[in-house]
*Asks:* 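Next up is a structure, given as structure tokens.
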Protein chains: 2
Amino acid sequence: MTQETPPRGENTRLEIIRAAHDLFVQQGYHGTSMRQIAQRSGIALGSLYNHFSSKEEVFHQVFFTFHPYHWVIPALLESTGTTVEEFIRASVYRIWAAMKDQPDFLNLMFIEIVEFKSAHIGELYEILMPQVMQIIQQLMQSSSGQLRPIQPIMLIRLFIGSFLGYYLTEAAFAPVAPPEFSEGAIDQFIDVLLHGILNPSTG
Amino acid sequence: MTQETPPRGENTRLEIIRAAHDLFVQQGYHGTSMRQIAQRSGIALGSLYNHFSSKEEVFHQVFFTFHPYHWVIPALLESTGTTVEEFIRASVYRIWAAMKDQPDFLNLMFIEIVEFKSAHIGELYEILMPQVMQIIQQLMQSSSGQLRPIQPIMLIRLFIGSFLGYYLTEAAFAPVAPPEFSEGAIDQFIDVLLHGILNPSTG
DNA sequence: CCTACCGATCGGTAGG
DNA sequence: CCTACCGATCGGTAGG
């Protein structure tokens, strides 16, 4: 009985972290007040503290509930491809498609780095790295020389770095740059990750 | 006479924006108070408003005074190389060496995007893009087929994106990741930007 | 889950 | 350039 119905207050808790997420990514952590979170959640200020012991704990739960790894990892696990190139292209498109529902995800990372001085990154790393390392090692075993010799962890970093580079330039400059800045950009980033900017026929 | 001596208060103004810069990158914009800025500058709170009309104007001047383009552009102009690969490697190393003096520069960009919703990016773009486009077009004219066919503005985006990907992964994960995550990372990012992760001898 | 409140601190200003 | 102050708002809590 208690197993089938969600615990009392669970819906309220989820509404609070959803409201807090929206406000944090739009205004930052210190730019958002507990009163704003309460108002958007439709409850009184004091009631927030029945679900969260402090404002910091609200961010903690927002950060881990809305972190993209929840759907990035499944997207990677479901991707297939007979070559490394096909696998990576399929993975990026899956991640990219899922990302459209949460375009502001980078802002959470910025808040974490600047306003929290990366206080939660250790916990995130412990959750993430085992899963990601497993995926990447399977990829490298089945790649049989298709990849240049690069350490597994560096390959992860390059992959994440490419994604972040794409999203950060999009977030920062796409609103003011001409259309050529954004047209086909995701494919260009994939091409460069795979093949680089240099023409292989020269040099 | 007034031309040779700096205007009265100019030193104070510079001390204020230096103090504000340090506090902003460590705590964010809303996490930093005008009282903290005053204290670190060694003047009274009220005196700040003789130099800046508001807290927002303090950030505006911090953002444009400390933006990396001030030394990135010269670094690019002074770089040489007989091939595109040599030129890019030389450029990255120059920028990277200069970056060591200002490791927190990304935080200013994060504050700009999250807490100011990119309010100053248009102004930054107008300053930056003409200079960068000139550099990149010279590079493409003298490259004669060394580069794969990529639009100039996309080449800029890929270059900046690669840098941001490197710095963002470093800022976020280097403190908790093993040494292999950081060792030789800058060279790996350059190699991938130039040649990609795939082995050209296959596929 | 709400009302009403706490002390502390905020950005900014008057007046000198 | 400083002192002393303004109203507003902050995170958090008591008490019911």
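Lettering of chains follows the sequences in order, A, B, ..., and the numbering in each one begins at 1.
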*Asks:* Between Q27(A) and T32(A), is there a side-chain donor-acceptor contact under 3.5 Å, judged purely by atom types and distance?
*Replies:* yes

*Asks:* Evaluate the salt bridge (charged side-chain N to carboxylate O under 4.0 Å, His left out) criterion for residues R13(A) and E10(A): first the C-alpha distance (whole Å), next the side-chain angles of each, then the deciding distance (0.1 Å), finally the verdict.
*Replies:* CA-CA 5 Å; R13(A) 200 192 125 268; E10(A) 178 63 14; 2.9 Å; yes

*Asks:* Using atom types as modelled, flag every donor-acceptor pair under 3.5 Å from a side chain in residues 151-169 of chain A to any protein atom, sequence neighbours excluded.
*Replies:*
from    : atom 1 : to      : atom 2 : distance (Å)
R157(A) : NE     : T169(B) : OG1    : 2.9
R157(A) : NH1    : E170(B) : OE1    : 3.0
R157(A) : NH1    : F181(B) : O      : 2.7
R157(A) : NH2    : Y166(B) : O      : 3.0
R157(A) : NH2    : T169(B) : OG1    : 3.4
R157(A) : NH2    : E170(B) : OE1    : 2.8
T169(A) : OG1    : G165(A) : O      : 2.7
T169(A) : OG1    : Y166(A) : O      : 2.9
T169(A) : OG1    : R157(B) : NE     : 2.9
T169(A) : OG1    : R157(B) : NH2    : 3.4

*Asks:* Are any non-hydrogen side-chain atoms of I197(B) and L193(A) less than 4.5 angstrom apart?
*Replies:* yes

*Asks:* Can you find a side-chain donor-acceptor pair between Q61(B) and T65(B) that sits under 3.5 Å?
*Replies:* no

*Asks:* Provide, to the nearest angstrom, the distance between the CD atom belonging to E57(B) and the P atom belonging to dG12(C).
*Replies:* 11 Å

*Asks:* Side chains of V114(B) and F24(A): does their closest heavy-atom pair fall under 4.5 Å?
*Replies:* no

*Asks:* Can you give the dot-bracket line for DNA chain C, where a pair is Watson-Crick or G-U wobble with both atom distances under 3.5 Å, crossing pairs use [ ], and | marks a partner on another strand?
*Replies:* ||||||||||||||||

*Asks:* I'd like to check H21(A) versus L108(A) (side-chain heavy atoms, cut-off strictly below 4.5 Å). Are they in contact?
*Replies:* yes

*Asks:* Students often get this wrong, so: under 4.0 angstrom with heavy atoms, is T32(B) touching a base, only sugar-phosphate, or nothing?
*Replies:* sugar-phosphate

*Asks:* Measure up the F63(B) and H67(B) rings against each other and bin them: parallel (under 30°), tilted (30 to 60°), perpendicular (over 60°).
*Replies:* perpendicular

*Asks:* How close do R89(A) and D191(A) get, counting heavy atoms only, and between which atoms?
*Replies:* NH2-OD1, 2.7 Å

*Asks:* Please work out which residues in residues 13-25 of chain A have a non-hydrogen atom less than 4.0 Å from an atom of DNA chain C and list them by number.
*Replies:* none

*Asks:* By the side-chain hydrogen bond (donor to acceptor under 3.5 Å, both in side chains) test, which pairs, at least two apart or in different chains, include something from residues 103-117 of chain A?
*Replies:* H30(A)-E115(A), E112(A)-H120(A)

*Asks:* What is the distance from CE of M34(A) to P of dC10(D), rounded to the nearest Å?
*Replies:* 12 Å

*Asks:* Mind listing the N/O atom pairs, protein and nucleotides 1-4 of chain D, below 3.5 Å?
*Replies:*
from   : atom 1 : to     : atom 2 : distance (Å)
dC1(D) : OP2    : H51(B) : NE2    : 3.0
dC2(D) : OP2    : A44(B) : N      : 2.6
dC2(D) : OP2    : S47(B) : OG     : 2.6

*Asks:* Using nucleotides 7-9 of chain D, report all nitrogen or oxygen pairs with the protein that are shorter than 3.5 Å.
*Replies:*
none

*Asks:* Just so I know, are the side chains of F59(A) and E56(A) near enough to count as touching, which here means a heavy-atom distance under 4.5 Å?
*Replies:* no

*Asks:* Can a donor-acceptor pair be found between the side chains of T82(B) and E86(B) at a distance below 3.5 Å?
*Replies:* yes

*Asks:* Is the distance from OP1 or OP2 of dT13(C) to the nearest side-chain N or O of Y49(B) less than 4.0 Å?
*Replies:* no

*Asks:* Show the nearest heavy-atom pair for residues A20(A) and V58(A), with the distance to one decimal.
*Replies:* CB-CG1, 3.6 Å

*Asks:* Rounded to the Å, how far apart are H30(B) NE2 and dG11(C) P?
*Replies:* 9 Å

